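Small disclaimer: the values here were computed from a predicted structure and weren't measured.
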Amino acid sequence: MLRWLIDDYGWAWLSYGFVMLLPTAVFIVPFGVYPLLVDRRLRRCGATVTAVCTGASWSEGRVSEYFHFTTLEGERSSYRSPLADGRISSDDEEVRIVYDPKSPHRRARTEIELGRKSPARRDLGCGILLLVGMNVLILPFVILFSL
(Lines give C-alpha, C1' and ligand atoms only; values in the text may rest on other atoms or scores of the structure.)
Protein backbone atom coordinates (compact mmCIF):
# COMPACT_ATOMS: atom_id res chain seq x y z
CA MET A 1 0.00 0.00 0.00
CA LEU A 2 2.79 2.43 0.84
CA ARG A 3 4.41 1.71 -2.51
CA TRP A 4 1.15 2.56 -4.27
CA LEU A 5 0.92 5.89 -2.39
CA ILE A 6 4.50 6.77 -3.25
CA ASP A 7 4.07 5.82 -6.93
CA ASP A 8 0.83 7.78 -7.32
CA TYR A 9 1.54 10.81 -5.14
CA GLY A 10 5.30 10.92 -4.64
CA TRP A 11 7.47 11.32 -1.57
CA ALA A 12 6.86 15.06 -1.41
CA TRP A 13 3.10 14.78 -0.90
CA LEU A 14 3.43 11.88 1.51
CA SER A 15 5.96 13.86 3.59
CA TYR A 16 3.73 16.92 3.44
CA GLY A 17 0.78 14.92 4.80
CA PHE A 18 2.88 13.60 7.67
CA VAL A 19 4.23 17.06 8.51
CA MET A 20 0.70 18.50 8.60
CA LEU A 21 -0.70 15.66 10.72
CA LEU A 22 2.07 15.81 13.31
CA PRO A 23 1.25 19.23 14.88
CA THR A 24 -2.45 18.47 14.63
CA ALA A 25 -2.10 15.20 16.55
CA VAL A 26 0.47 16.46 19.06
CA PHE A 27 -0.60 20.06 19.71
CA ILE A 28 -4.00 21.06 18.36
CA VAL A 29 -6.20 18.14 19.40
CA PRO A 30 -4.98 17.46 22.98
CA PHE A 31 -4.38 21.10 24.01
CA GLY A 32 -6.99 22.93 21.94
CA VAL A 33 -9.91 20.82 20.79
CA TYR A 34 -10.28 18.29 23.65
CA PRO A 35 -10.35 20.82 26.55
CA LEU A 36 -12.92 22.94 24.71
CA LEU A 37 -15.11 19.87 24.14
CA VAL A 38 -14.84 18.95 27.84
CA ASP A 39 -15.82 22.50 28.88
CA ARG A 40 -18.79 22.39 26.50
CA ARG A 41 -19.94 19.02 27.83
CA LEU A 42 -19.65 20.18 31.45
CA ARG A 43 -21.69 23.31 30.74
CA ARG A 44 -24.40 21.23 29.03
CA CYS A 45 -24.77 18.18 31.28
CA GLY A 46 -22.37 18.52 34.22
CA ALA A 47 -23.42 17.94 37.82
CA THR A 48 -22.46 20.53 40.43
CA VAL A 49 -21.23 19.64 43.93
CA THR A 50 -19.16 21.24 46.67
CA ALA A 51 -15.47 20.35 46.83
CA VAL A 52 -12.75 21.12 49.34
CA CYS A 53 -9.37 22.48 48.31
CA THR A 54 -6.80 20.15 49.85
CA GLY A 55 -3.60 21.80 48.67
CA ALA A 56 -1.63 23.31 45.85
CA SER A 57 1.63 22.76 44.03
CA TRP A 58 3.76 25.42 42.38
CA SER A 59 5.78 25.06 39.20
CA GLU A 60 7.64 27.86 37.44
CA GLY A 61 5.63 30.54 39.24
CA ARG A 62 2.26 28.97 38.40
CA VAL A 63 -0.06 27.00 40.67
CA SER A 64 -2.16 23.85 40.38
CA GLU A 65 -4.73 23.09 43.07
CA TYR A 66 -6.17 19.80 44.35
CA PHE A 67 -9.85 19.37 45.16
CA HIS A 68 -11.69 16.42 46.73
CA PHE A 69 -15.42 15.97 46.27
CA THR A 70 -18.20 13.41 46.55
CA THR A 71 -20.38 12.85 43.48
CA LEU A 72 -24.16 12.87 43.66
CA GLU A 73 -23.97 9.06 43.52
CA GLY A 74 -21.79 9.01 46.67
CA GLU A 75 -18.49 8.18 44.94
CA ARG A 76 -15.38 9.99 46.22
CA SER A 77 -13.33 11.72 43.54
CA SER A 78 -10.65 14.34 43.12
CA TYR A 79 -9.73 17.03 40.63
CA ARG A 80 -6.44 18.76 39.94
CA SER A 81 -6.70 22.12 38.20
CA PRO A 82 -4.36 22.97 35.33
CA LEU A 83 -1.48 25.34 35.99
CA ALA A 84 -2.71 28.92 36.37
CA ASP A 85 -1.28 32.29 37.32
CA GLY A 86 -3.16 32.52 40.63
CA ARG A 87 -5.03 30.42 43.15
CA ILE A 88 -8.73 29.75 42.91
CA SER A 89 -9.11 29.15 46.64
CA SER A 90 -7.10 28.69 49.79
CA ASP A 91 -6.54 25.39 51.59
CA ASP A 92 -9.66 23.86 53.23
CA GLU A 93 -11.93 26.33 51.43
CA GLU A 94 -15.07 25.01 49.75
CA VAL A 95 -15.51 25.52 46.00
CA ARG A 96 -18.24 24.46 43.57
CA ILE A 97 -17.11 21.76 41.11
CA VAL A 98 -18.87 20.78 37.89
CA TYR A 99 -18.11 17.19 36.88
CA ASP A 100 -19.19 14.82 34.14
CA PRO A 101 -21.47 12.15 35.69
CA LYS A 102 -20.14 9.58 33.21
CA SER A 103 -16.50 10.24 34.13
CA PRO A 104 -16.03 12.28 37.33
CA HIS A 105 -12.37 11.25 37.70
CA ARG A 106 -11.38 12.53 34.26
CA ARG A 107 -13.66 15.46 33.51
CA ALA A 108 -14.25 18.17 36.10
CA ARG A 109 -13.73 21.92 36.44
CA THR A 110 -14.44 24.51 39.10
CA GLU A 111 -17.29 26.91 38.37
CA ILE A 112 -14.71 29.69 38.41
CA GLU A 113 -12.70 27.98 35.64
CA LEU A 114 -15.82 27.44 33.54
CA GLY A 115 -16.70 31.11 33.94
CA ARG A 116 -13.35 32.26 32.56
CA LYS A 117 -12.15 32.18 28.99
CA SER A 118 -10.39 28.88 28.46
CA PRO A 119 -6.64 28.95 27.68
CA ALA A 120 -7.43 26.16 25.21
CA ARG A 121 -8.84 28.84 22.88
CA ARG A 122 -5.40 30.44 22.73
CA ASP A 123 -3.75 27.04 22.18
CA LEU A 124 -6.18 26.20 19.38
CA GLY A 125 -5.61 29.57 17.71
CA CYS A 126 -1.82 29.19 17.94
CA GLY A 127 -2.05 25.68 16.50
CA ILE A 128 -4.12 26.87 13.56
CA LEU A 129 -1.69 29.73 12.93
CA LEU A 130 1.16 27.23 13.06
CA LEU A 131 -0.53 25.06 10.42
CA VAL A 132 -1.24 28.06 8.18
CA GLY A 133 2.37 29.22 8.50
CA MET A 134 3.69 25.76 7.74
CA ASN A 135 1.46 25.57 4.66
CA VAL A 136 2.70 28.94 3.40
CA LEU A 137 6.33 27.90 3.87
CA ILE A 138 6.23 24.23 2.85
CA LEU A 139 3.51 23.91 0.20
CA PRO A 140 5.44 25.70 -2.60
CA PHE A 141 8.37 23.30 -2.16
CA VAL A 142 6.07 20.28 -2.18
CA ILE A 143 4.47 21.42 -5.42
CA LEU A 144 7.88 22.14 -6.94
CA PHE A 145 9.32 18.72 -6.01
CA SER A 146 6.24 16.79 -7.10
CA LEU A 147 6.34 18.10 -10.68
Side-chain angles (χ1 to χ4, degrees), residues 1-69 71 75 77-91 93 95-147:
M1 173 148 176
L2 185 60
R3 188 74 179 147
W4 168 77
L5 283 172
I6 294 168
D7 289 344
D8 284 355
Y9 298 103
W11 281 103
W13 286 106
L14 201 59
S15 301
Y16 172 74
F18 177 74
V19 167
M20 289 301 116
L21 284 176
L22 191 63
T24 303
V26 173
F27 183 71
I28 294 174
V29 172
F31 297 109
V33 175
Y34 181 74
L36 291 175
L37 290 175
V38 169
D39 287 356
R40 180 176 174 218
R41 178 167 175 76
L42 291 175
R43 284 187 184 98
R44 288 179 53 203
C45 58
T48 305
V49 294
T50 303
V52 176
C53 180
T54 57
S57 64
W58 295 84
S59 175
E60 298 176 7
R62 301 177 76 201
V63 64
S64 178
E65 296 177 90
Y66 302 94
F67 301 95
H68 289 283
F69 62 96
T71 66
E75 184 181 342
S77 189
S78 62
Y79 165 65
R80 178 181 172 207
S81 69
L83 287 171
D85 293 329
R87 290 200 64 172
I88 295 170
S89 63
S90 59
D91 289 351
E93 184 179 345
V95 176
R96 302 289 288 166
I97 292 276
V98 180
Y99 70 92
D100 184 354
K102 291 185 178 179
S103 182
H105 298 291
R106 295 186 59 214
R107 296 185 205 121
R109 303 278 191 278
T110 64
E111 283 185 338
I112 296 168
E113 289 172 318
L114 285 176
R116 295 179 187 160
K117 232 180 205 185
S118 175
R121 288 177 179 264
R122 179 197 64 225
D123 295 342
L124 181 60
C126 290
I128 291 171
L129 284 175
L130 174 71
L131 282 178
V132 169
M134 288 173 63
N135 275 299
V136 168
L137 293 173
I138 296 173
L139 196 56
F141 293 106
V142 172
I143 293 170
L144 180 67
F145 286 119
S146 66
L147 294 177

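Nearest heavy-atom pair across F67 and S89 is CE2-OG, 3.6 Å. The two residues P35 and P30 come nearest to each other via the heavy atoms CD-O, 3.3 Å. Taking every heavy atom of both residues into account, C53 and S90 meet most closely at CB-O, 3.4 Å. The shortest heavy-atom contact between I97 and A108 is CG2-CB, 4.1 Å. Looking at every heavy atom in both residues, L42 comes nearest to V98 through O-CG1, 3.6 Å. Of all heavy-atom pairs spanning S57 and Y66, the tightest one is OG-OH, 3.3 Å.
Rounded to the nearest 0.5 Å, atoms CG (L130) and CZ (F27) are 7.0 Å apart. For the atom pair T24 OG1 and M134 CE, the distance stands at 8.0 Å (nearest 0.5 Å). Note that the CG atom of L37 and the CZ atom of R107 stand 10.0 Å from one another [nearest 0.5 Å].
Side chain of S64 to backbone of S81: a donor-acceptor contact under 3.5 angstrom is found. Looking at E65, its side chain never comes within 3.5 Å of a backbone N or O of G55 through a donor-acceptor pair. Looking only at distances, a side-chain donor or acceptor of T71 sits under 3.5 Å from a matching main-chain atom of E75. Judged by distance alone, with hydrogens and angles left aside, the side-chain atoms of S118 form a donor-acceptor pair with the main-chain N or O of A120 at under 3.5 Å. A donor-acceptor pair under 3.5 Å is formed between the side chain of T110 and the backbone N or O of E113. Of the possible polar contacts, one joining the R43 side chain to the L114 backbone as a donor-acceptor pair under 3.5 Å is found.
Between H68 and V52, the closest side-chain pair of non-hydrogen atoms is not below 4.5 Å. When side chains are defined from C-beta on, V33 counts as touching L124, because their heavy atoms get closer than 4.5 Å. Under the 4.5 Å side-chain criterion, counting only non-hydrogen atoms from C-beta, R87 is not in contact with E93. Put simply, the side chain of P119 does not reach to within 4.5 Å of the side chain of F31, judged on heavy atoms.
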Report task. Apply the test side-chain contact (heavy atoms from CB on, under 4.5 Å) to residues L83 and V63: give CA-CA distance (whole Å), side-chain angles for both, the deciding distance (0.1 Å), then the verdict. Result -> CA-CA 5 Å; L83 287 171; V63 64; 5.9 Å; no
Report task. With side-chain contact (heavy atoms from CB on, under 4.5 Å) as the test, would you mind laying out the steps for K102 and C45 before giving the verdict? Result -> CA-CA 10 Å; K102 291 185 178 179; C45 58; over 6 Å; no
Report task. Mind running side-chain contact (heavy atoms from CB on, under 4.5 Å) on M20 and L131 for me, showing each step along the way? Result -> CA-CA 7 Å; M20 289 301 116; L131 282 178; 4.0 Å; yes
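Around the CZ atom of R40, the shell of radius 6.0 Å holds no more than 12 heavy atoms that belong to other residues, nucleotides or ligands. Other residues, nucleotides and ligands place more than 12 heavy atoms under 6.0 Å from the CZ atom of R62.
The pair D100-R106 does not meet the salt-bridge criterion, since no charged nitrogen lies less than 4.0 angstrom from a carboxylate oxygen.
Of the N and O atoms on the side chains of T50 and R96, at least one donor lies less than 3.5 Å from an acceptor on the other residue.
For Y99 and Y79, the distance between ring centers is not under 6.0 angstrom.
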